Amino acid sequence: MTHTLTRYTREQSRTDLAIRMIGHEVRTYLIRRCTGLSEDRIRKLYNVYFRQDGCPVTRHRGKTPRQPEYFTRNLTAQLEATTFIQVCLAAGIIRFNEQDRITPILPASSAEYGQKFCDAYEAYMVLHNPPGLSFERAWNLIDALCRGHVVGMTNCRRCEVSFLRDTLDANDVVCPACCLGPLQ
């Protein structure tokens, strides 16, 4: 009996995560990667829970956007990306290792990672309304950061806060908040 209950609970948890991710307009590939559900099952969940007149949730097709330069294209984007990274650090999704590089705490293909990532993204949405980062862009930000691909974390020379930076940029190392100046 406990084996059946455990299996049911695990299946329900994966279904709930898929519905939550569909609500964030995540592509099927990423939902399948986190939940292990089939493409057909994900489509059926969308049709049952989201395909209604006036429902604002859409299904995106094609490849997910993966350009790391997107996050440092301007000060506002850089500030929002830095905020999301700080939320992920606080949520226990990523951490700094001994070499001061960002590494994931959980495998990105696990349902637990997907749940924590949804929590972090929803916290970010509270801080930035409307959000400048889509769920998938945020996912790819953390992926690029963990791979050390074009973007990385560094400390501001003025305020010493850790922020996202284009590692190929030769300009002065100042965070977006210091560049934007004090709020009036």
Side-chain angles (χ1 to χ4, degrees), residues 13-14 16-36 57 60 63-169 173-180:
S13 154
R14 291 174 17 185
D16 291 345
L17 176 59
I19 292 168
R20 194 172 176 192
M21 292 176 84
I22 291 168
H24 289 300
E25 299 183 358
V26 177
R27 286 176 173 82
T28 302
Y29 163 78
L30 198 52
I31 298 170
R32 192 179 69 227
R33 182 176 172 198
C34 284
T35 63
V57 175
H60 298 281
K63 288 187 167 190
T64 60
R66 298 191 67 81
Q67 305 83 3
E69 301 82 16
Y70 176 87
F71 309 111
T72 57
R73 72 189 188 284
N74 60 44
L75 293 175
T76 303
Q78 191 175 14
L79 186 61
E80 284 203 34
T82 299
T83 301
F84 183 71
I85 292 165
Q86 296 296 343
V87 169
C88 286
L89 285 164
I93 295 171
I94 54 176
R95 65 179 171 86
F96 283 100
N97 66 11
E98 298 79 33
Q99 294 83 28
D100 278 340
R101 289 188 43 137
I102 296 285
T103 58
I105 293 176
L106 299 164
S109 59
S110 71
E112 185 180 358
Y113 183 89
Q115 292 284 3
K116 285 188 173 199
F117 199 91
C118 284
D119 292 341
Y121 185 73
E122 289 160 6
Y124 157 78
M125 288 173 58
V126 169
L127 297 170
H128 291 278
N129 190 8
L133 293 175
S134 69
F135 187 98
E136 289 181 334
R137 284 212 187 266
W139 184 281
N140 290 326
L141 167 63
I142 298 304
D143 182 55
L145 192 60
C146 289
R147 288 184 293 124
H149 182 70
V150 182
V151 292
M153 296 297 283
T154 192
N155 291 332
C156 176
R157 72 168 176 79
R158 288 188 194 161
C159 67
E160 298 183 12
V161 73
S162 183
F163 72 99
L164 179 73
R165 180 169 187 248
D166 183 340
T167 56
L168 303 175
D169 188 3
V173 183
V174 179
C175 72
C178 287
C179 288
L180 290 171

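Residue numbers start at 1 and run along the sequence shown. Note that the structure is predicted; figures quoted are calculated from it, not measured.
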Pairwise side-chain contact, [X] with [Y], heavy-atom cut-off 4.5 Å (strictly under):
| X | Y | result |
| --- | --- | --- |
| Y113 | K116 | no |
| I94 | I85 | yes |
| L141 | L164 | yes |
| I142 | C88 | yes |
| T72 | R165 | no |
| F117 | C34 | no |
| E136 | M21 | no |
| L17 | R14 | no |

Please evaluate residues F163 and V174 with respect to the criterion side chain to side chain contact (heavy atoms under 4.5 Å, CB included), reporting the C-alpha separation (whole Å), side-chain torsions for both, the decisive distance (0.1 Å), and the verdict. CA-CA 9 Å; F163 72 99; V174 179; 5.8 Å; no
Closest heavy-atom contact between [X] and [Y]?
| X | Y | result |
| --- | --- | --- |
| V151 | A144 | CG2-CB, 4.1 Å |
| C179 | L75 | CB-CD1, 3.7 Å |
| C156 | C175 | SG-N, 3.3 Å |
| A18 | T35 | N-CG2, 3.9 Å |
| R95 | L89 | CA-CD2, 3.8 Å |

Rounded to the nearest 0.5 Å, what separates atom [atom1] in [X] from atom [atom2] in [Y]?
| X | Y | atom1 | atom2 | answer |
| --- | --- | --- | --- | --- |
| T28 | H60 | OG1 | NE2 | 11.0 Å |
| I105 | C146 | CD1 | SG | 9.5 Å |
| R137 | F71 | CZ | CZ | 6.5 Å |
| T154 | D166 | OG1 | CG | 12.0 Å |
| L106 | Q115 | CG | CD | 11.5 Å |
| I102 | L145 | CD1 | CG | 5.0 Å |

ring-ring contact (aromatic ring centres under 6.0 Å, His included) filter on H128, not counting sequence neighbours, yields Y124
Is a donor on one side and an acceptor on the other found under 3.5 Å between the side chain of T167 and the backbone of V150? yes
Do any N or O atoms from the side chain of Q78 and from the backbone of P176 form a donor-acceptor pair under 3.5 angstrom? no
Charged N to carboxylate O under 4.0 angstrom, R20 versus D16? no
Mind running side chain to side chain contact (heavy atoms under 4.5 Å, CB included) on Q86 and M153 for me, showing each step along the way? CA-CA 10 Å; Q86 296 296 343; M153 296 297 283; 3.8 Å; yes
Please lay out, stage by stage, how R147 and D143 fare under the test side chain to side chain contact (heavy atoms under 4.5 Å, CB included). CA-CA 6 Å; R147 288 184 293 124; D143 182 55; 3.1 Å; yes
Cation-pi between R73 and Y70: NZ/CZ under 6.0 Å from ring centre and within 45° of the ring axis? yes
Within the supplied structure, the quantity of interest is the number of heavy atoms (other residues, nucleotides, ligands) at a distance under 6.0 Å from Y29 OH; does it exceed 12? no
